[in-house]
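Contents: one structure, followed by commentary.
Fair warning: this is a prediction, and the values are worked out from it, not measured in the lab. Here is how names work: the chains are called A, B, and so on, in the same order as the sequence lines, proteins then strands, and each is numbered from 1. Hydrogens, waters and symmetry mates are skipped; everything else that's a heavy atom, side chains included, is used.
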Amino acid sequence: MARYNPKSVEPKWQSVWADKQTFLTREDPSRPKYYVLEMFPYPSGRIHIGHVRNYAMGDVVARYKRARGFNVLHPMGWDAFGMPAENAAMQTGAHPRDWTYQNIDTMRGQLKRMGLAIDWSREFATCDPEYYVHEQRMFLEFLKLGLVERKESYVNWDPVDMTVLANEQVIDGKGWRSGAAVERRKLSQWFFKITDRADDLLSALDDLPGWPDNVRTMQKNWIGKSRGLKMSFQFDGAAPEGFDGLEVYTTRPDTLFGASFCAVAPDHPLAVQCAKGDPELQNFIKDCQSLGASEEAIEKADKKGYRLPFSVRHPFVEGETLPVFVANFILMQYGTGAIFGCPAHDQRDLDFARKYNLDVTPVVLPPDADPASFAIENEAYVGPGRLFNSDFLNGLSVEDALAAAIAKVEEMEAGSATTNYRLRDWGVSRQRYWGCPIPVIHCEACGLVPVPEKDLPVVLPDEADFSEPGNPLERHPTWKHVTCPSCGGPALRETDTFDTFVDSSWYFARFAAPTPEQSCDQAAADYWLPVDQYIGGIEHAILHLLYARYFTRNMKDAGYLSVEEPFTNLFTQGMVTHATYKGEDGAWLFPEEVDVKDGVARHIETGAPVAIGSIEKMSKSKKNVVSPEDIAEAYGADAARWFMLSDSPPERDVEWTDSGVEGAWRMMNRIWALAGAAGAVIPDMLPAEGYSDAGLALRRASHGAIAGITDDIEHFRFNKAIARLYEFVNAIKTAELTDSAADAAARGEALSALVRLIAPYAPHLAEECWTALGGAGLVCDAPWPEADAALLVQDEIVLGVQVNGKRRGEIAVPKEADAQAVEAIAMADAGVQRHIEGKTVRKVIVVPGRIVNIVVG
RNA sequence: GCGGAUGUGGCGGAAUUGGUAGACGCGCUGGAUUUAGGUUCCAGUGCCGCAAGGCGUGAGAGUUCGAGUCUCUCCAUCCGCACCA
């Protein structure tokens, strides 16, 4: 019996699958479809172990559903545009295209060695012109439909990458890729009008039961819907030129009687206008803008204001006026960029009021508080209560007062109830070379002219200069100079390219079309979409997933798709982590450079002590990475896949350990020793009787394993499924079978089931064993084993017996024993007897099939 | 600050509707096989205790015949958002 050798076995089966086109998928209306998709990789250079985990999960689902008779679509592609290719060009001189396609070649080879059940015929990269031509066409249709617009706006400018970033790409005031402090610039940009769909994107979250709650909550918060009142305060005396009144947004109009000031954002038009003749205000505004938006800056920043030479009239109180400030804590992007301040019931307003000695009038009285003595010190009261000090609102609850105040303001025609969103429109213009060109032309005479259909795709120029930062398309000598398709005069091509999130917002639809010529074949898209199971990292909870949901709606409006929601079920898997190691000189060390024994680490070459650091997400910079290739070389792809799914629940992080993968490797060998050596034992038919007790027990174990593992896979409990597989293997190994034909059949049944159950995890080993057992065809084409319900019930049940809630014994009772019989057996148990001796039995609780509890006093 | 999650042996983690806590794996201990082994196999392994027994699911209370699971109050860690009016 030869030792299992994945090095020869794995390539063999991979080429069998390839030759037979086993995983080639076509539409087949006669079968139910199942579309399983893992977030496609960015071709950064090499596959890492996190990819292995991600794709192993998808592969388990794909192979399982396939065995259950589904027509499974499981494709793979490349999210291939983006900054790293351009950075590589700047650093090494390699062309982004060459760099990208070389990486794709490398990574495709690595993925294929993992033995994934993927239809490679559908592969594409988003940088293929055959892919992005559709993106350009869709963009022009969206433009026609009014779903996109060009507008001038403040943008987040990354001074290192020299490009614009979406709000979502700014983290703590820094660019998500470069880490540079983001600046604000006013530019003319293309925007997808995602805010038009804010309400739909929000409410439809409730109809996504297959999504994790945390992702839905994050999207909900990101969209940030609030109901409030937009209202206008009239200026007291002469209004500043061009201003009718000061329009503010508030969610607390119930506290209007506590208002003691108004404030506008530093970049509010009123502030900007006033600053024209006021150098001091100019400086103040400049200060505010240089403050930055980082977490620390916000927390430490004092509330600061600048008093404008105007006051506004209180809408409800005749003769009362409120001072108007420019204040650093007001955001122009939210609401109207102006507020009224009620210090008693808003902490920010209170901080501000204390600093500038403004009135603090409480108007909401907490339950049980005394109106005569209730006062605000340094903490604003934001809880529930009854209104007081508030004229016509007095005595109302906060909720009723809100409605009453809104009604009053609307009746006065001073404002109206509105809804506000935190979500901003999606700016998609990027000043980069390695992206999808935006297909429009700027003509002095005709204005904005879409590139005509016949001229699509607008392809990137081959030659480009990457020697300096900025946009190589902009400084290309010829590319942008074109003739206007409308008037024939000289015109300029748009040199911005799309944010790469546009590319990944519809790729799942492109996979559904069988040929690259089609963006989405309507029939194929209707057959395959939505994606039944989407799997990827939690880091895309907002960005990618929100954009994809939005884009799908646009595509539906443009007639490409019939669905609105692209992903029915979403699973967010955890990361792969590893301990970090630091040498004496403080430099990070690769795990293979370190020998760890009994918790003490030494450098293998020098023997010098090594500090073991925290367990972190694998990253190149900390060198705590392991190469999937090395692992596959040493243990095989099956063992790597097995381990990645075995130790932790898939949504949780898993720590990569050598002992863990060694354990998986041992299991591969155990299974091979068990199934590979058994001979052709798969029975044609199972005898109805004649089994020994052990034979029957083994049959029960087989069917228990089938039922349990099936349920586990359905619920993404891969770690539990693997634990059951260990139990099942142990059961087969330790079964003391007789020589009877029936027992032999029971063993054949068990082995046949085992091999089919491990196939989603360890597909190569499963094929090898299947052949050895005399299975017909390929195991990946074999149907999933079915559990026989009759074999899932035990004749005899073991019950725990408690005395006063503490476990004192264990009894075996027949399955059909009634409560009385069970009680009698329990009372007779020696361990139980010892604990009830000399005491009065007050009550006996028998829960059939579960437990017996004897209460004594 | 707001929102979400998670706390179980030396470690990763199991425990349907409240019903035998610690499945399974790793590690560790002892033994056998092997020229050797970081191979394979067997046995053991929550803690204290020779034992009987006692104690045990972040802490504390509560409901219950019975709580890892339900309720309340804390504590810790992680994630997301954050001057959003």
Side-chain angles (χ1 to χ4, degrees), chain A residues 3 171-172 212-222 224-226 228-229 248-253 255 263 265 291 293 295 297-299 301-303 327-331 333-342 345-349 351-352 382 420-423 538-539 541-542 597-599 642-643 646-649 651-655 657-664 666-667 669-670 673 711 717 719-730 733 798-811 834 842-856:
Chain A
R3 201 172 157 85
I171 296 152
D172 288 347
D213 287 344
N214 61 338
V215 173
R216 288 194 289 177
T217 305
M218 279 158 79
Q219 292 212 349
K220 203 175 256 180
N221 292 342
W222 190 263
K225 181 177 183 169
S226 78
L229 176 70
V248 305
Y249 174 75
T250 177
T251 56
R252 292 298 301 273
T255 64
L291 205 67
E295 194 178 328
I298 288 166
E299 244 164 44
D302 257 357
K303 301 285 176 285
N328 64 346
F329 64 98
I330 311 299
L331 304 173
Q333 315 89 25
Y334 189 78
T336 62
I339 60 140
F340 80 79
C342 174
H345 304 292
D346 182 289
Q347 192 59 45
R348 293 156 304 177
D349 296 348
D351 295 344
F352 190 80
V382 295
N420 216 336
Y421 298 94
R422 212 192 74 113
L423 183 71
I538 186 74
E539 66 271 21
I542 297 171
K597 224 172 200 172
D598 300 329
W642 185 275
F643 171 52
S646 67
D647 254 25
S648 287
E651 68 276 12
R652 236 181 271 181
D653 290 353
V654 63
E655 187 194 352
T657 59
D658 290 343
S659 55
V661 71
E662 277 162 19
R666 276 201 291 274
M667 180 63 167
N669 280 295
R670 264 196 274 170
D711 192 50
R717 296 185 295 237
N719 56 323
K720 284 180 64 182
I722 285 183
R724 283 188 212 269
L725 284 167
Y726 278 102
E727 283 180 314
F728 188 28
V729 166
N730 292 342
K733 280 176 76 165
V798 177
L799 290 182
V801 183
Q802 299 178 329
V803 177
N804 283 353
K806 288 191 191 287
R807 183 171 174 276
R808 298 299 182 190
E810 197 176 85
I811 56 169
R834 219 176 7 213
R842 300 195 183 280
K843 198 172 172 187
V844 179
I845 293 146
V846 177
V847 184
R850 295 242 185 254
I851 203 157
V852 180
N853 191 11
I854 301 164
V855 186
V856 296

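Atom pair A/Asp346:CG and B/rG1:P shows a separation of 16 Å (rounding to whole Å applied). Rounding to whole angstrom units, CZ of residue A/Arg808 and P of B/rC65 are separated by 19 Å. Rounded to whole Å, the distance from CD on A/Glu651 to P on B/rU6 is 9 Å. Separating the CH2 atom of A/Trp642 from the C1' atom of B/rC24 is a distance of 11 Å, rounded to the nearest angstrom. Put simply, CG on A/Asp351 is 10 Å from C1' on B/rC83, counting in whole angstrom units. Look at CZ on A/Phe340: it is 20 Å from P on B/rC83, rounded to the nearest Å. Whole-Å rounding puts the A/Ile722 CD1 to B/rA23 P distance at 18 Å. Protein atom CD1 of A/Ile542 is 7 Å distant from nucleotide atom C1' of B/rC81, rounded to whole Å.
In this model, no donor atom of one side chain and acceptor atom of the other lie less than 3.5 Å apart for A/Ser646 and A/Tyr726.
Looking only at distances, a side-chain donor or acceptor of A/Asn853 sits under 3.5 Å from a matching main-chain atom of A/Gly805. Remark: the backbone N or O of A/Gly341 is not paired with any side-chain donor or acceptor of A/Asp346 at under 3.5 angstrom.
Checking each of A/Ile854, A/Ile851, A/Val855, A/Val852 against A/Gln802 for a side-chain contact (heavy atoms from CB on, under 4.5 Å) leaves exactly one that passes, namely A/Ile851.
With B/rA15, B/rG13, B/rG66 as the choices, the nucleotide that has an atom nearest any side-chain atom of A/Lys720 turns out to be B/rA15. When each of B/rC81, B/rA85, B/rU39 is scored by its nearest atom to the side-chain atoms of A/Arg666, the top-ranked nucleotide is B/rU39. Taking every side-chain heavy atom of A/Arg348 into account, B/rC84 is the closest of B/rG4, B/rC84, B/rC26. With distances taken from any side-chain atom of A/Tyr334 to the nucleotides B/rG4, B/rA85, B/rG25, the minimum falls on B/rA85. The nucleotide whose nearest atom lies closest to any side-chain atom of A/Asn853 is, among B/rC65, B/rG3, B/rU20, B/rC65. Among the nucleotides B/rG7, B/rC24, B/rG3, the one closest to any side-chain atom of A/Arg652 is B/rG7. Comparing B/rA82, B/rG13, B/rA85 by their nearest atom to the side chain of A/Trp222 picks out B/rA82. When distances are taken from the side chain of A/Asn730 to each of B/rC24, B/rC26, B/rG54, the shortest belongs to B/rC24. With B/rG4, B/rA82, B/rA23 as the candidates, the nucleotide lying closest to the side chain of A/Arg422 is B/rA82. Side-chain proximity of A/Asp647 to B/rA85, B/rG25, B/rC24: nearest is B/rG25.
Residue A/Ser648 places at least one side-chain N or O under 4.0 Å from the OP1 or OP2 atom of B/rG13. For A/Asn719, a side-chain nitrogen or oxygen approaches OP1 or OP2 of B/rA14 to under 4.0 Å. Residue A/Lys806 places at least one side-chain N or O closer than 4.0 Å to OP1 or OP2 of B/rC55. A close approach under 4.0 Å does occur between a side-chain nitrogen or oxygen of A/Lys733 and OP1 or OP2 of B/rC41.
Taking 90° from 0 as the syn/anti boundary, the base of B/rG54 is oriented anti.
Contact annotation for A/Arg717: no contact, since no heavy-atom pair falls under 4.0 Å across all strands. Among the heavy atoms of the strands lying under 4.0 Å from A/Ser659 are primed sugar atoms or P, OP1, OP2 only; no base atom is included. Within the nucleic acid shown, A/Ile538 has no heavy atom closer than 4.0 Å to any nucleic acid atom. Looking at heavy-atom distances under 4.0 Å, A/Arg252 makes contact with sugar-phosphate atoms alone, never a base. At a threshold of 4.0 angstrom between heavy atoms, the contacts of A/Val654 with the nucleic acid are absent. Nucleic acid contact class of A/Glu727 (heavy atoms, under 4.0 Å, all strands): sugar-phosphate only. Within 4.0 Å (heavy atoms only), A/Val855 reaches sugar-phosphate atoms of the nucleic acid but no base atom.
Residues A/Lys303 and A/Asp349 are not paired through a salt bridge, judged by the lack of any N-O separation under 4.0 Å between the basic side chain and the carboxylate. Here A/Asp351 does not pair with A/Arg348 in a salt bridge; the nearest charged N to carboxylate O distance is not below 4.0 Å.
For the P atoms, the distance linking B/rG25 with B/rC42 amounts to 11 Å, nearest Å. Nucleotides B/rU73 and B/rU20 are separated by 29 Å at their P atoms, to the nearest Å. With both ends at atom P, the span from B/rC41 to B/rC75 equals 50 Å, rounded to whole Å. Comparing the C1' positions of B/rA67 and B/rA15 gives a spacing of 13 Å, expressed to the nearest Å. Separating the P atom of B/rC70 from that of B/rG31 is a span of 46 Å, rounded to the nearest Å. For B/rC81 and B/rG12, the P atoms lie 27 Å apart once the distance is rounded to whole Å. Taking the C1' atoms as reference points, B/rG66 lies 15 Å from B/rU17, given to the whole Å. For the C1' atoms, the distance from B/rU45 to B/rU69 is 27 Å, rounded to whole Å.
When both pairing distances are held under 3.5 Å, B/rA52 makes no Watson-Crick or G-U pair with any nucleotide shown. Here B/rA59 sits opposite B/rU73 as a Watson-Crick or G-U wobble pair (both hydrogen-bonding atom distances under 3.5 Å). Checking B/rA43 for Watson-Crick or G-U wobble geometry (two distances, each under 3.5 Å) identifies B/rU29 as its partner. Pairing partner, B/rG38: none, since no Watson-Crick or wobble contact has both distances short of 3.5 Å. Under the Watson-Crick or G-U wobble criterion, with both distances below 3.5 Å, B/rG9 is left unpaired in every strand shown. If you check B/rG3 for Watson-Crick or wobble pairing at under 3.5 angstrom, you find it paired to B/rC79. Across all strands shown, B/rG18 forms no Watson-Crick or G-U wobble pair with both key distances under 3.5 Å.
Between A/Arg850 and A/Arg807, the residue anchored nearer the 5' end of RNA chain B, judged by the nucleotide with its closest heavy atom, is A/Arg850. If A/Tyr726 and A/Tyr249 are placed on RNA chain B by their nearest nucleotide, the residue sitting closer to the 5' end is A/Tyr726.
Residues A/Asn214 and A/Ile538 form a side-chain contact, since some pair of their non-hydrogen atoms from C-beta on lies under 4.5 Å apart. The shortest side-chain heavy-atom distance between A/Val729 and A/Met667 falls under the 4.5 Å cut-off.
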| query | What do the steps show when you test A/Ile330 against A/Phe352 for side chain to side chain contact (heavy atoms under 4.5 Å, CB included), and what is the final call? | reply | CA-CA 12 Å; A/Ile330 311 299; A/Phe352 190 80; over 6 Å; no
| request: Determine, stepwise, if the pair A/Arg670 / A/Asn730 fulfils side chain to side chain contact (heavy atoms under 4.5 Å, CB included). | output: CA-CA 10 Å; A/Arg670 264 196 274 170; A/Asn730 292 342; 3.6 Å; yes
